[in-house]
Protein chains: 2
Amino acid sequence: MSLDHILLGMMHEPASGYDLKREFEQSVRHFWFAELSQIYPALKKLEERGLLSSRPVPSSRGPERRVFETTGAGSEELERWLTSEPLIPKDRITYLAQLFFMGEMEDLSATEQFMERLRGSMATRLAVLEAIEAEWMGAIGIDGAALAVDGGALTEIEDDRVFHMYTTLRMGIHSLRSRVEWCDETLRAIRARQTRPRASTEDEGGSNPAIETAR
Amino acid sequence: MSLDHILLGMMHEPASGYDLKREFEQSVRHFWFAELSQIYPALKKLEERGLLSSRPVPSSRGPERRVFETTGAGSEELERWLTSEPLIPKDRITYLAQLFFMGEMEDLSATEQFMERLRGSMATRLAVLEAIEAEWMGAIGIDGAALAVDGGALTEIEDDRVFHMYTTLRMGIHSLRSRVEWCDETLRAIRARQTRPRASTEDEGGSNPAIETAR
DNA sequence: TCACTCATGTAATTGGTTACATGATTCC
DNA sequence: GGAATCATGTAACCAATTACATGAGTGA
């Protein structure tokens with residue numbers, strides 16, 4: 001299972017379920033999501049399988065924390081996963097399904113509105129990632145265009161970690177930019193179709209020169 | 001649930017579970033996937049809810065077919081879904097998770113290999129979609145750049161359906177192109193990092209001019 | 001006092017995958 | 001005779017979401 005391996009991956013230093021959830025919200029966010037109610041039992045099972053070990057640690061405020069760390073078997077399992085084939089999930093893109101079937105509706109105005117909204121949320125998400133990138137560039141001297149990390153005061157391991165984190169961020173940026181572009185392309189096409197001359201419902205049959213001119 | 005609505009969307013003409021599975025393999029494929037063992041119970045439940053009706057139809061070969069069609073309530077429910085907000089799934093991108101944690105490994109050669117393989121499968125998928133686009137351009141006169149559909153002998157409803165199908169295909173193409181570009185960008189950066197002068201493991205502390213020159 | 005954060009969990013349900021069962025017809 | 005396709009389903013399991021339960025400490 002992927003969540004298991006992600007949790008193992010996050011264990012480069014000891015952490016509790018609550019800590020991990022916070023890290024999910026921060027860095028892991030743009031490619032994975034997990035609820036606390038999923039994290040706690042997952043950690044428990046990993047411990048049963050001997051891939052993690054835990055100890056209780058008293059907390060200054062609130063109840064006792066259960067802090068986990070990797071075992072030897074745990075890091076072996078992580079490495080196996082990391083060196084395996086790239087795992088490409090089959091994606092279920094709900095909004096594409098909606099768009100696909102929107103052809104059944106009377107006119108294109110529903111589609112237009114839909115695409116405008118979609119563009120809005122994609123652009124917002126993109127802005128978030130671009131802001132993170134800008135922040136990083138300031139803080140640790142990442143060169144976006146060349147994707148080079150100017151290590152500065154970082155140790156080699158930290159520098160490598162930053163590099164890998166940064167490439168995943170870049171993927172999000174690439175991906176969202178292309179989605180926004182696709183929204184724009186689609187909106188242009190919708191508008192072109194709305195203003196062009198249309199065939200009547202009872203069509204003349206065969207090829208229609210009125211449509212041929214549309215673009 | 002999304003699968004329910006997708007099934008409703010596929011019901012513009014009566015179909016059996018088996019028919020629908022075939023359509024999944026063909027057109028719906030690049031944004032959704034469902035097994036027969038998921039489709040059959042889903043259809044059954046939709047019928048119980050009064051959104052579909054079914055009748056047995058004798059088959060020329062093999063067992064009797066159960067053919068479903070939409071009810072009034074079914075198309076109302078579909079329209080509600082189509083006119084609702086664009087539903088953006090939280091994505092769980094397994095290969096990004098792998099890449100993210102690959103910083104823990106000794107050198108970048110594992111990452112390089114990983115990115116090469118990833119690029120390979122992305123490029124293959126892209127080629128498939130581009131081939132479909134080329135086929136459609138030949139068959140029904142779609143103009144890729146302008147995203148205009150030259151309806152030709154199509155009726156208006158068919159023409160609109162083709163338009164909506166085509167936009168979803170375009171999204172796949174945009175998306176995969178940007179992923180391939182991202183892979184290339186990342187591979188360039190990996191190679192630049194591999195050949196650049198590196199800080200020793202015991203680093204000199206503070207800023208390092210040898211790294212500064214890397215790009 | 002009330003809301004919020006810290007902190008850990010269980011239970012019920014939904015959505016999806018994998019494995020299994022059955023049997024007719026058609027094509028090589 | 002054997003593999004492939006047509007056709008329908010059930011059962012067991014795994015992954016993820018939603019809802020619920022509990023309780024201490026902090027700050028307005």
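What you see is a predicted model, and the numbers here were worked out from it, not measured in a lab. Computed from heavy atoms alone, side chains included, the values below leave out hydrogens, waters and symmetry copies. In the text below, chain A, chain B and the rest are named by the order of the sequence lines, each starting its count at 1.
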### Task
Take atom CD of A:Glu35 and atom P of D:dA19, then tell me their distance rounded to the nearest Å.
11 Å

#### Entry: Atom-to-atom span, CG of A:Leu46 to C1' of D:dC14 - whole angstrom
15 Å

### Task
Select from A:Pro63 and B:Asp19 the residue whose nearest nucleotide in DNA chain D is closer to the 5' end of that strand.
B:Asp19

### Summary
From CZ of B:Phe68 across to P of D:dA7 the rounded distance in Å is 14 Å

### Task
Whole angstrom is fine here: how far is it from CG in A:Leu36 over to P in C:dG9?
11 Å

### Message
Nearest whole Å is fine: how far is D:dA15 P from A:His5 NE2?
### Response
11 Å

### Task
Would you tell me if any nitrogen or oxygen in the side chain of B:Arg61 comes within less than 4.0 Å of OP1 or OP2 on C:dA24?
no

### Message
Between B:Arg119 and B:Glu116, does any side-chain N to carboxylate O distance fall below 4.0 Å?
### Response
no

### Query
Would you say the side chain of A:Ser16 and the base of C:dT8 hold a donor-acceptor pair, judged only by whether the two atoms sit under 3.5 Å apart?
no

### Query
When you check the gap from the basic side-chain N to the acidic O, do B:Asp160 and A:Arg193 get nearer than 4.0 Å?
yes

### Query
Between the base of D:dT18 and the side chain of A:Ser37, is there a donor-acceptor distance below 3.5 Å?
yes

### Beyond-backbone contact of A:Glu85 with B:Tyr95, side-chain heavy atoms, under 4.5 angstrom
no

### Message
Nearest whole Å is fine: how far is D:dT18 P from A:Gln38 CD?
### Response
11 Å

### Message
Categorize A:Ser2 for me: base, sugar-phosphate, or nothing, with a 4.0 angstrom heavy-atom threshold over every strand shown.
### Response
nothing

### Interatomic distance, A:Met1 CE vs D:dA16 C1' [rounded to whole Å]
10 Å

### Query
Does B:Ser59 have a side-chain nitrogen or oxygen under 4.0 Å from the phosphate oxygens OP1 or OP2 of D:dC6?
no

#### Entry: From D:dT5, C:dT5, C:dG16, nucleotide with atom closest to B:Trp32 side chain
C:dG16

### Query
Does A:Lys44 place a side-chain N or O at less than 4.0 Å from the phosphate oxygens OP1/OP2 of C:dT10?
yes

### Summary
Per nearest nucleotide of DNA chain D, the residue lying toward the 5' end, B:Ser60 or B:Arg92, is B:Ser60

### Query
Counting side-chain heavy atoms from CB outward, which of C:dT17, C:dT5, C:dG9 is closest to A:Arg66?
C:dG9

### Task
Among A:Arg188, A:Arg117, A:Arg191, find the residue that satisfies the salt bridge (Lys or Arg N to Asp or Glu O under 4.0 Å) test when tested with A:Glu112.
A:Arg191

### Task
Evaluate the side-chain proximity of B:Phe33 to A:Arg92: yes if any heavy-atom separation is below 4.5 Å, no if none is.
yes

### Query
What is the distance from NZ of B:Lys45 to P of C:dT14, rounded to the nearest Å?
6 Å

